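Working notes for the structure below.
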Number of protein chains: 2
Amino acid sequence: MSLSERKMKILQAIINDYIATAEPVGSRTIAKKYNFGLSSATIRNEMSDLEEMGFIIQPHASAGRIPSDLGYRLYVDTLMQKAELQEREKNFLQGVVANNMNQIEYLMDETAKILSSLTNYTTIMSDPIVHSRTIKKIRFMALENNDVLVLVGTDGNMVKNHTMHLDAVPDDEELFRLSCIINDYLSGQSMEHVDERAINSLRAALPGWGQLINAVLKAVEKTTESLSPQFHLTGAKNMLAFPEFSDVEKAQKLIETLEEKDVMKNLMSVPPKEGQDVQIYIGNELGIDEMKDCSIITTHYKLSEHVTGTIGIVGPTRMNYSQVIAVLNGMVKNMEDTIAHLQQKNQPLRRQLTDSSRKKQTEQDS
Amino acid sequence: MSLSERKMKILQAIINDYIATAEPVGSRTIAKKYNFGLSSATIRNEMSDLEEMGFIIQPHASAGRIPSDLGYRLYVDTLMQKAELQEREKNFLQGVVANNMNQIEYLMDETAKILSSLTNYTTIMSDPIVHSRTIKKIRFMALENNDVLVLVGTDGNMVKNHTMHLDAVPDDEELFRLSCIINDYLSGQSMEHVDERAINSLRAALPGWGQLINAVLKAVEKTTESLSPQFHLTGAKNMLAFPEFSDVEKAQKLIETLEEKDVMKNLMSVPPKEGQDVQIYIGNELGIDEMKDCSIITTHYKLSEHVTGTIGIVGPTRMNYSQVIAVLNGMVKNMEDTIAHLQQKNQPLRRQLTDSSRKKQTEQDS
DNA sequence: AATTAGCACTCGATGTCGGTGAGTGCTAAC
DNA sequence: GTTAGCACTCACCGACATCGAGTGCTAATT
């Protein structure tokens, strides 16, 4: 049996209705609300077929039908029409992104909140992930108690800093001189694998400064390490509002799962597929039992050549896919537009990203 | 009518029982479980008195009694015996604090999680708040596109950095020279009110560098601004487990309130009272309707002369006050001990705090 | 005078039962 | 192929009875 045009339309009607009401939808509802010019009986027969094919499910004998994961999958892949951003949403997005561009951390936070409040679902956002791979410039700043702040400048105009402890710290003047020499040897090196020969030459060039060189290498290492992304959960409380999770225990388990970063990390780390703006995981496709009634839509944003991240929206399987996709795309486009705009004006934009990423990554020795 | 010894004991028994069970407790339960050598009838009379005095409440005519806010207040102020930390809790706290001391942000996060999981309540924690007030040292680091990273070192050995944009940026050598001159004029100045005369002398000493000086002043200003604390909510999901919040709507409203940072900010910002390790707000004492069934216990930690913060535990009014107080005090003591220990070994500890606070405060211009 | 036993009473919680209605599947007629 | 009709299913709801924990009061006891 193949999916006739009519079956498609009926399936779409069922899904639309169920997304709106969260109630199993019956043949009569479809016959009345959507003018197919068919009686409920005919629709009943079609629904029976659709159930046999696995697109819809009857929760119990005398109830209407609800879409199955497979049904949603079909919906998402072929039936769904892309929603336009509503004026209200558009304004909202633009305002937020434009006004807060000078404080990336705040922006990310705010963005997540806006997404949650526009969609009424839960947002998971990764911090901007920095893909810097080359050392550009090292500088020092002497602190008290024989500590030194080591600044590591990388390609993409980013800087990260780490506090290191030394047995003896030269004054700033001497440190500056040393940093210039160190730069001669390390500038342009890959952060992951600093060339052994470069290090050796450096050590030879600066005998007696082994500890300082070690501190620099350690700082570089830490800078590299610090590139693993952090995730933030926003609006988890929204899930409580859905009848799907009116069972408190279920809701609690879900939130627990969402907060367990490892679980989400894998999902969010999936690289974006060519030519797809979003990726959608429906119900059991997630492979997480506690989330079998949830879907996740993820997208990727690119703030610069070197800085990218992931945004995910979590909702019940009957979430409003087209709206979420529209909002997500709108948000990403807006962020990227704002950035392009700022860059034209030669604003120090990439630096902001730098700082934001550094925020989560600043580390030090002990 | 005054509170006889016996009434006290009965009240305490009621509160203990209610804390454990969340069920209204009746006279017979008290008579049987706690061996006062009194019949249920006698206890009934006493309970009747206690109700008249306002310490307990009857939720409906044929139910047992539950403690009122006033009852909890009396309990907290006079009846409660301080709980000892259990071995399990002690080990847990020590392990966590000791192992993660080298990464303050991670530590704070972990601390909050541990508190939540040990108590099964919700934790609100402020980032370490930095009370720096004096400029110590300014340094620069040139970046691409005519941007400069301005490093502001303050008393308490903290450093914050801000990216500023200039029309023209001198090379690092020149920047270093300039920073030394700038330091001569600004070092020791209050961050909030840089002396006008110092600025004027500086401008006079460095004619042609007005923009750079402005950038420095702006960076100082931003550093000052960035001292307002951030709050983090952990374990909000724990509240869902309590029968008090089995009503999903109620739970949602509560979480919403907790997430509204402004509400919490006020509470958490109350300065610690002399000679009190914790402050306790019971039910309506909070003055927040959504939280009338909640209590909050807050305490303050001091990581160094210049770095302090607040931890709060939110639970139902029938929360286990003595346990929470013990755990909170244990946690704070542990953190402070670990820090003292590390400082003895001359580890660069304050720097870690520095970095952690900077994490949340790094900003830049646009 | 304080305590206790006894008892009637209250009221939420729980369980049972029939009615209601939305929804189905099936059959026969169009 | 479509539809009208009908018997059947089953969640849901309100009514009603029952149960039991708990109370307040009174009278007896110490």
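Throughout, protein chains are lettered first and strands after them, A, B, ... in sequence-line order, and every chain is numbered starting at 1. Just so we're clear, the structure is a prediction, and the values are computed from it rather than from any experiment.
Remark: P of D:dG22 and CD1 of B:I66 are 14 Å apart, rounded to the nearest angstrom. Distance CD1 (B:I43) to P (C:dT4): 9 Å, rounded to an integer number of Å. A straight line from NE2 of B:H60 to P of D:dG20 spans 17 Å, rounded to a whole angstrom. The interatomic distance linking A:E51 (CD) with C:dT24 (C1') rounds to 10 Å, in whole Å. Whole-Å rounding puts the A:I10 CD1 to D:dT2 C1' distance at 12 Å. Rounded to whole Å, atom P of C:dC26 lies 15 Å from atom CE of A:M47. Remark: C1' of C:dG23 and CD1 of A:I57 are 17 Å apart, rounded to the nearest angstrom. Counting to the nearest Å, the P atom of D:dT2 and the NZ atom of A:K7 are 9 Å from each other.
To the nearest 0.5 Å, the span separating CD1 on B:I56 from CZ on B:R65 amounts to 5.0 Å. Annotation: the span from B:K7 atom NZ to B:I43 atom CD1 amounts to 11.5 Å, rounded to 0.5 Å.
With C:dA5, C:dG25, D:dT2 as the choices, the nucleotide that has an atom nearest any side-chain atom of B:A41 turns out to be C:dA5. Among the nucleotides D:dT2, D:dC6, C:dC11, the one closest to any side-chain atom of A:R6 is D:dT2. Side chain of B:A61, nearest nucleotide from D:dG24, C:dC11, D:dT23: C:dC11.
With hydrogens and angles ignored, the 3.5 Å screen pairs a side-chain donor or acceptor of A:T122 with a backbone N or O of A:G235.
Taking the six-membered ring where the residue is Trp, A:Y321 and A:Y75 present perpendicular rings, their angle passing 60° and hence far from 30°.
In the model, A:Y34 has a side-chain atom that pairs as donor or acceptor with a side-chain atom of A:D17 under 3.5 Å. Between A:S116 and A:T123, the side chains place a donor N or O and an acceptor N or O closer than 3.5 Å (distance only, hydrogens not considered).
Contacts with DNA chain C (heavy atom under 4.0 Å) in residues 11-39 of chain B: B:G37, B:L38, B:S39, listed by number.
Dashed line: the shortest gap from a side-chain N or O of B:R65 to OP1 or OP2 of D:dG22 is not under 4.0 Å. Between B:R44 and C:dA5, a side-chain N or O to OP1/OP2 separation shorter than 4.0 Å is absent.
B:G283 approaches B:S295 most closely through the heavy-atom pair N-OG, 3.7 Å.
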